[in-house]
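What you see is a predicted model; the values in this text were computed from it and never measured. Chain naming here is simple, since letters A, B, ... match the order of the sequence lines and numbering starts at 1 in each.
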There are 2 protein chains.
Amino acid sequence: MTRRQPSAALRADDLTAKARIRNAALDLFAANGAEATSLRAVAAAAGVTVGLVVHHYGTKEALREAVELAIVEQFAQTIASVPLGPCPPGQVTAARDRAVAAMLSANQAIVDYLRRAILDGSAGRVDLVSRLSQLSAQQVDDLREAGVASTKHTVGEQVVTIMVRQLGRLFLQPLVDRITDEFADDTGASMRPQLVVDVNH
Amino acid sequence: MTRRQPSAALRADDLTAKARIRNAALDLFAANGAEATSLRAVAAAAGVTVGLVVHHYGTKEALREAVELAIVEQFAQTIASVPLGPCPPGQVTAARDRAVAAMLSANQAIVDYLRRAILDGSAGRVDLVSRLSQLSAQQVDDLREAGVASTKHTVGEQVVTIMVRQLGRLFLQPLVDRITDEFADDTGASMRPQLVVDVNH
DNA sequence: TGCCTGTTTGTACAGTTGTATAGCAACTGG
DNA sequence: CCAGTTGCTATACAACTGTACAAACAGGCA
């Protein structure tokens with residue numbers, strides 16, 4: 001059962017075992033929660049044995065950190081992929097928001113993992129929400145240096161707005177959908193109610 | 001170590017062991033999640049042994065159901081405690097909303113448990129969200145029979161509005177607070193941004 | 001060829017989990 | 001007075017957990 005990848009690593013379909021393990025962990029952590037996911041389940045989903053998971057990541061906590069790092073990296077790459085050309089102020093922010101929204105809707109596992117990470121609160125360990133917040137803050141700083149972001153509000157306020165508007169709706173929409181589905185027998189053609197999430201500073 | 005309650009059961013401070021177990025389970029399930037909470041931790045928090053927990057509730061799943069039933073009961077009692085006197089339409093709904101909001105702000109564990117229950121998705125098992133939705137629906141029906149609720153929208157739409165507005169803000173506010181706290185060093189006196197959660201039908 | 005470094009496997013171990021069961025203490029109805 | 005029920009403890013057990021470790025295996029390089 002010795003499968004072997006000939007060094008051409010980063011193809012989306014033919015990945016290193018290490019990457020396959022990380023992706024499988026993301027999927028399972030997102031679906032069932034990290035605590036409820038055993039290393040053996042991760043290994044089985046990645047098509048390897050437990051020993052290899054331990055060999056590559058050492059501990060389960062390290063594997064979880066690798067997963068979170070990959071999520072942050074995905075955010076950073078998505079933001080960086082939007083060109084910073086000479087646009088009217090606010091245009092770049094909107095474009096980045098759209099890019100992140102598209103990335104999230106294409107990666108349901110990331111949304112699910114984030115939902116768990118946020119609801120957990122997770123006292124003690126280095127936080128994914130903190131890292132994403134700092135990423136957003138850096139994004140705001142960059143735009144300010146380029147002179148395409150308003151300075152009416154503080155950086156913190158702008159970060160809150162970005163995070164809440166981008167994530168809040170994704171987190172709460174399942175609740176709305178489940179409730180509307182439960183009362184769906186009332187009307188044949190029912191429009192899905194749309195959530196509005198915003199912050200008042 | 002034989003402690004014994006002399007039959008005066010339902011005092012808020014001197015509870016039956018069965019009730020103490022249920023309360024401890026609610027606290028721990030809310031704080032750490034039900035899957036991450038062992039029956040031994042529940043027993044220790046309630047000051048009893050594991051055997052008694054399983055004696056009273058049989059299985060862990062049954063204990064969880066008892067916890068959820070207690071939550072629903074708390075909602076029902078809170079709603080029922082608001083008098084249904086001859087008021088102008090909409091007044092009763094507002095009073096009930098206020099009562100539920102007060103109850104939730106006094107029981108942080110219920111809020112935390114609900115957040116987990118809702119965001120978990122929790123495929124398969126009988127759902128707490130469903131029960132609360134049905135409670136809300138019954139509430140809307142009652143008000144309609146009494147002629148103090150508008151019939152402009154469907155019952156489903158009204159239930160969604162109630163649930164989302166009452167719960168959505170409570171669930172997302174921790175995210176807002178954590179981010180604002182992280183950037184709190186910017187300004188000495190920072191106002192907490194207030195969340196706005198609503199639905200467009 | 002032969003060594004060396006990094007993958008990958010298989011298995012073992014101690015700790016924790018949910019659950020089952022046997023037994024003791026106290027109250028209750030007859 | 002005593003059989004029965006209930007509250008409660010203690011212990012046991014099989015399953016599963018994260019982690020550790022030795023051995024088999026591959027490819028690159030001298």
Side-chain angles (χ1 to χ4, degrees), chain A residues 1-11 14-29 31-68 116 120 122 124-125, chain B residues 1-11 13-29 31-68 116 122 124-125:
Chain A
M1 207 199 275
T2 46
R3 229 171 314 144
R4 194 136 267 284
Q5 271 87 346
S7 81
L10 279 168
R11 274 286 163 280
D14 179 39
L15 291 157
T16 306
K18 190 171 179 178
R20 258 185 300 137
I21 292 171
R22 179 169 37 71
N23 290 354
L26 170 59
D27 286 342
L28 291 179
F29 287 178
N32 312 323
E35 315 247 345
T37 304
S38 69
L39 289 187
R40 283 162 178 84
V42 173
V48 299
T49 52
V50 210
L52 193 59
V53 179
V54 170
H55 169 70
H56 278 304
Y57 293 97
T59 74
K60 189 181 183 179
E61 187 58 32
L63 173 59
R64 196 224 293 261
E65 275 205 34
V67 166
E68 301 200 347
R116 286 183 190 279
D120 255 356
S122 70
R125 56 188 193 78
Chain B
M1 208 196 274
T2 47
R3 228 171 316 144
R4 196 135 266 285
Q5 270 85 344
S7 81
L10 279 167
R11 275 287 162 278
D13 209 15
D14 180 39
L15 290 157
T16 308
K18 190 171 181 178
R20 258 185 301 137
I21 292 171
R22 178 168 38 71
N23 290 354
L26 170 58
D27 285 342
L28 291 178
F29 288 177
N32 313 322
E35 315 245 345
T37 304
S38 68
L39 288 187
R40 282 163 179 85
V42 173
V48 299
T49 54
V50 211
L52 191 60
V53 178
V54 65
H55 168 72
H56 278 303
Y57 294 97
T59 74
K60 188 179 182 180
E61 188 57 33
L63 173 58
R64 198 224 293 263
E65 275 205 34
V67 167
E68 301 200 346
R116 287 183 191 279
S122 70
R125 54 189 194 77

Report the distance from atom CG of B/L52 to atom P of C/dA25, rounded to the nearest whole Å. 17 Å
Please walk me through it: do B/E35 and B/R64 pass side-chain contact (heavy atoms from CB on, under 4.5 Å)? CA-CA 10 Å; B/E35 315 245 345; B/R64 198 224 293 263; 4.1 Å; yes
Which atom of B/A36 lies closest to which atom of B/N32, heavy atoms considered: CB-O, 3.3 Å
Could you list the donor-acceptor pairs under 3.5 angstrom formed between side-chain atoms of residues 40-58 of chain B and any protein atom two or more places apart in sequence or on another chain?
| from | atom 1 | to | atom 2 | distance (Å) |
| --- | --- | --- | --- | --- |
| B/Y57 | OH | B/K18 | O | 2.8 |

If you round to the nearest 0.5 Å, how far is OG1 of A/T16 from CD1 of A/I21? 10.0 Å
According to side-chain contact (heavy atoms from CB on, under 4.5 Å), who are the partners of B/N23, at least two apart in sequence or on a separate chain? B/L15
For DNA chain D, the residues among residues 35-42 of chain A that have a non-hydrogen atom under 4.0 Å from it: A/T37, A/S38, A/L39, A/R40
Considering residues at least two apart in sequence or located in another chain, which fulfil the side-chain contact (heavy atoms from CB on, under 4.5 Å) criterion with B/D27? B/A109
Heavy-atom nearest pair, B/T37 first then B/G33, reads OG1-O, 2.6 Å
Taken to the nearest whole Å, NZ/B/K18 to P/D/dT5 is 17 Å
Atom of A/R22, atom of A/V67 and distance for their closest heavy-atom approach: O-CG2, 3.8 Å
In residues 53-60 of chain B, which residues come under 4.0 Å of DNA chain C by heavy atom? B/T59, B/K60
